[in-house]
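Contents: one structure, followed by commentary.
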2 protein chains.
Amino acid sequence: MKEQVRIGMLGLGTVGSGVVKVLAENGTEIEKRSGLPIRIKSIVVRDLEKERLVEVPAELLTTDAWQVVNDPEIDVIVEVMGGIEGTKDLLLTAFRNGKSVVTANKDLIAEHGDELILEATRNGCDFLYEASVGGGIPIIRPLRKDLAGNKISEVMGIVNGTTNYILTRMTQMGMAFEDALKEAQELGYAEANPASDVEGWDAGRKIAIVASLAFNSRVNFSDVDTEGITSITERDIDYAKQMGYAIKLIGSAKETENGSISAQVYPALVPQDHPLASVNGVYNAIFVRGNAIGEAMFLGLGAGQLPTASSVIGDIVEAVRNFHAGTRGKFLVDCYEQKTIQSSLENKNRFYLRLEVADQPGVLGAIAGKIGQHGVSIHTMFQKWTDSQTAEIVVITHEVREGSLRDALNELGDMEHVHAIKQTLRVVS
Amino acid sequence: MKEQVRIGMLGLGTVGSGVVKVLAENGTEIEKRSGLPIRIKSIVVRDLEKERLVEVPAELLTTDAWQVVNDPEIDVIVEVMGGIEGTKDLLLTAFRNGKSVVTANKDLIAEHGDELILEATRNGCDFLYEASVGGGIPIIRPLRKDLAGNKISEVMGIVNGTTNYILTRMTQMGMAFEDALKEAQELGYAEANPASDVEGWDAGRKIAIVASLAFNSRVNFSDVDTEGITSITERDIDYAKQMGYAIKLIGSAKETENGSISAQVYPALVPQDHPLASVNGVYNAIFVRGNAIGEAMFLGLGAGQLPTASSVIGDIVEAVRNFHAGTRGKFLVDCYEQKTIQSSLENKNRFYLRLEVADQPGVLGAIAGKIGQHGVSIHTMFQKWTDSQTAEIVVITHEVREGSLRDALNELGDMEHVHAIKQTLRVVS
Ligand SMILES: NC(=O)c1ccc[n+]([C@@H]2O[C@H](COP(=O)([O-])OP(=O)(O)OC[C@H]3O[C@@H](n4cnc5c(N)ncnc54)[C@H](OP(=O)(O)O)[C@@H]3O)[C@@H](O)[C@H]2O)c1
Ligand SMILES: NC(=O)c1ccc[n+]([C@@H]2O[C@H](COP(=O)([O-])OP(=O)(O)OC[C@H]3O[C@@H](n4cnc5c(N)ncnc54)[C@H](OP(=O)(O)O)[C@@H]3O)[C@@H](O)[C@H]2O)c1
């Protein structure tokens, strides 16, 4: 039996510093819970001279990642540097060298999860990635263990803190998207290039990861339909509020009745009394529906140095326990099925529409009639004058197949009195 | 290596039937996830003739629990029958016979957890009890695994569905306590003798269990100060609502700065924008504060046949995986410290007071002055006339040591113009 477990870290940025800090501060507890002392043997960085957020002995730092994944003394690789192709090669090598890997890298898993899991299994290694979804929130392990008795039918939630912060500020302060984004950038919540967050790609990667676990079938990022929040205006937020909804960026994955999977990211109206509606700021929350548990929700900080480190260390403890017990790589049974991906056109949803129309009698009726022809029935419809020529109409539909709504919208757009379809959003029931 | 795992069930009531049902319905998934086929070999009941909620082959049923815990073919005992002393003896024997045990029995664990864990450890067996707290909500495993990197400072939540249902009905429908209780009994949410729920004992047992895990030190039911909801009136609920609070039965366990533990159950005012305030009906939610994760909350159905079965089966899957991997009983490191229990008099809290006083000038000032002498400062105070002689005063204090508040209340009670101290409740910040 080993006397201690040696860790090689790839990266000492935000998350990496958090891991070093928490391992030091909570060391006694962590050692008790994992069964063996944990020592960091090497830490890979790009720049040896850079000032660090934590103090580490200079001799631990190296720029040679290959040396670390090939070091026979290292048992566990903690990958917190990011990157896709190069990082994948490093981790594949780590597995071939019999090392377990803990990572926070959602981009990598959403892209190459299957290849990495295969290599980990082949070599009897653990591959753990709790921190890749929901920051500090436990969701990967609950899906794999606590909910193992369930058939999961849906996973839905707020899985991107940046966009949730922006939408919260737009809602609470009446800010415009651009101003809220700028503020988020100044606070370090959003990157200089915010596309990955505001276009819904980051949320899409996370949804791909949880969907793969929930439905035991590989879902890649490319299988997820993503729609971001850049088109959301103060007006949409305001109308939603008036009708008792908050607008949230929702990631959703469902297994349909025919056994195929649909995965989407979209901004949606969430009813005020839904538990997700009051998840504000940088908080994230994930909602799971299973045939035994009913509904459960997991809430917490979706990113940040210490919350993310909390998840990374939970995984390190599991990896170390498995060293201790001689059970590494035993439980990788994640994706044993091959379910088809269903086009989101087949999904059923309620919709919010905002239209600019000619201010003329009979227009409302004509619109209702036209979309009715596509089986779209109207739940709420109200009209608001904008100027003497043009009126704005807001519609909430009953549940409808997305494809049928798309067809109806195409025809609506061609109608003489419809000037523009300004907004189309889903409504969470 | 074993080819299958055989289960002996003690009990086939609400939870037991749920376990049988879900094991049958989700059998394929569960077998994949646990690594071995699971077979129920025997089920112990009191009455062989009783009609059951699920169909089971008659030859599985027996009334002889001792025969089952002594059956060498049985690997895992699933205890869902309840009871304390007799059940403890059965489980101790199961451990001595090398069987792992999964249980939903909070009464037993809160009373004899230490003895059972010791015997499980001695015999290299698993002892798993996720279902004992929060029904379907994962909380035991998250505390032991996902949050293993944290020093936990507080666990707080709504852990009793019956009282939460009653308080929700009182709040939403303006019902009196007695009527809401009667309704809960008719719906099967409350027992004929509701004391264990409405006096806060059930919540106290659950808080003892989670506190033991969160702080790695044994907390027994007798260490928990409990206060129930029988004194809550429509008037308290109404005043709370006016000030922006909901009244909830809160279980709370904290580790204080000096390293001792305080554990309490009490009805409290929860601010409307606190995530716990909107946890209504039979939902439960548990809030955890740790030095890495920050805050996290776990929400779901706190009881019921299928949610509770979900947790029991999550544990069965873990027990079976451990058979599969040869790692039974490896990770029982729960209570390796011995922290002292601190009297709740040392706790600091904000308080809500409702007093009946003489309707005379200067009374408000006299009261404020008197409690000020004990270091109790007032945050909000308002007066409401009840009749020509008597006024009702509602006070919310700033944070104060509970002992000091108690002293202040004793003196207040002796004041000439104070007719009665009608209510004293804590306020969650
Ligand atoms: N930040 C969060 O809240 C959060 C939350 C969840 C998941 N994650 C994920 O965690 C990972 C790390 O995020 P982060 O925010 O900690 O990033 P970061 O602050 O940019 O840190 C990256 C670290 O990796 C090092 N590094 C990057 N590329 C390298 C290379 N090619 N060779 C050697 N060293 C390299 C950097 O070295 P230098 O310091 O020398 O530049 C730096 O120390 C990412 O996959 C991210 O998606 C982050
Ligand atoms: N119900 C919930 O939602 C829930 C949630 C969390 C935890 N729990 C816990 O789960 C346990 C079971 O609860 P439950 O609601 O399922 O109880 P229940 O419906 O009363 O069922 C108890 C079962 O155990 C059998 N039994 C009881 N005492 C026995 C004895 N001395 N010898 C043989 N068989 C005996 C009964 O047999 P007969 O059927 O023949 O009478 C019955 O099948 C309790 O510890 C409870 O605290 C329950």
Side-chain angles (χ1 to χ4, degrees), chain A residues 18-19 21-23 25-26 29-30 32-35 130 136-138 141-142 144-151 216 273 275 278-280 283 285 290-301 304 306-307 309-314 316-318 321-322 324-327 330-331 333 336-337, chain B residues 18-19 21-23 25-26 29-30 32-35 130 136-138 141-142 144-151 216 273 275 278-279 283 285 288 290-301 304 306-307 309-314 316-318 321-322 324-327 330-331 333 336-337:
Chain A
V19 171
K21 207 182 271 185
V22 175
L23 277 178
E25 199 164 316
N26 300 350
E29 287 81 3
I30 292 168
K32 277 282 186 192
R33 292 167 189 163
S34 55
E130 182 65 68
I137 307 171
R141 193 172 289 98
R144 300 179 64 196
K145 302 206 165 171
D146 300 271
L147 306 187
N150 288 263
K151 280 184 194 153
N216 298 112
D273 59 0
S278 51
V279 176
N280 286 322
Y283 278 85
N291 69 343
I293 196 171
E295 294 172 347
M297 190 178 89
F298 303 83
L299 178 147
L301 289 160
L306 296 183
S310 170
S311 285
V312 169
I313 293 177
I316 293 177
V317 168
E318 179 165 336
R321 283 183 176 202
N322 284 340
H324 187 49
T327 50
K330 288 277 182 192
F331 304 124
V333 288
Y336 51 82
E337 299 201 60
Chain B
V19 171
K21 207 182 273 184
V22 176
L23 277 178
E25 199 164 315
N26 300 350
E29 287 81 4
I30 292 169
K32 277 283 184 190
R33 292 166 189 163
S34 55
E130 182 64 70
I137 307 171
R141 194 172 289 98
R144 300 178 64 197
K145 302 205 165 172
D146 301 270
L147 306 186
N150 288 264
K151 280 185 193 152
N216 297 113
D273 58 0
S278 50
V279 176
Y283 279 84
V288 182
N291 69 343
I293 197 171
E295 294 172 348
M297 191 178 89
F298 303 83
L299 179 146
L301 290 160
L306 296 183
S310 171
S311 285
V312 170
I313 293 177
I316 293 177
V317 167
E318 179 165 337
R321 284 183 176 201
N322 284 340
H324 187 48
T327 50
K330 288 277 184 191
F331 304 125
V333 288
Y336 51 81
E337 299 201 60

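Quick note on labels: first sequence line is chain A, next is B, and so on, each numbered from 1.
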Between A:G294 and B:L301, which heavy-atom pair has the shortest distance, and what is it?
-> CA-CD1, 4.4 Å
If every non-hydrogen atom of B:G136 is compared with every non-hydrogen atom of A:I293, which pair is closest and at what distance?
-> O-CD1, 3.1 Å
Taking the side chain as every heavy atom from C-beta outward, state whether A:R321 and B:K145 have any pair of such atoms under 4.5 Å apart.
-> yes
A:N26 meets the side chain to side chain contact (heavy atoms under 4.5 Å, CB included) criterion, sequence neighbours left out, with A:V22, A:E29, A:I30, B:K151, B:N291
Under the salt bridge (charged side-chain N to carboxylate O under 4.0 Å, His left out) test, which residues partner A:E25, sequence neighbours left out?
-> none
Note, B:P142 side chain near A:F298 side chain (heavy atom, < 4.5 Å) | no
Would a 4.5 Å heavy-atom cut-off, applied to side chains only, mark A:E295 and B:Y283 as touching?
-> yes
Distance (rounded to the nearest 0.5 Å) between A:N150 CG and B:I313 CD1 | 8.0 Å
Among A:P307, A:S311, A:P275, A:G35, which residue forms the greatest number of heavy-atom pairs with chain B at distances under 4.5 Å?
-> A:P307
Do you know which of B:G314, B:A292, B:G300 has the most heavy-atom pairs with chain A at a distance under 4.5 angstrom?
-> B:A292
Can you tell me how far the CG atom of A:N280 sits from the CG atom of B:D273, to the nearest 0.5 Å?
-> 9.5 Å
When the 4.5 angstrom heavy-atom criterion is applied to A:E130 and chain B, the contacting part is side chain
Kindly give the heavy-atom pair with the smallest separation between B:R33 and A:N216, and that separation in Å.
-> NH2-OD1, 2.6 Å
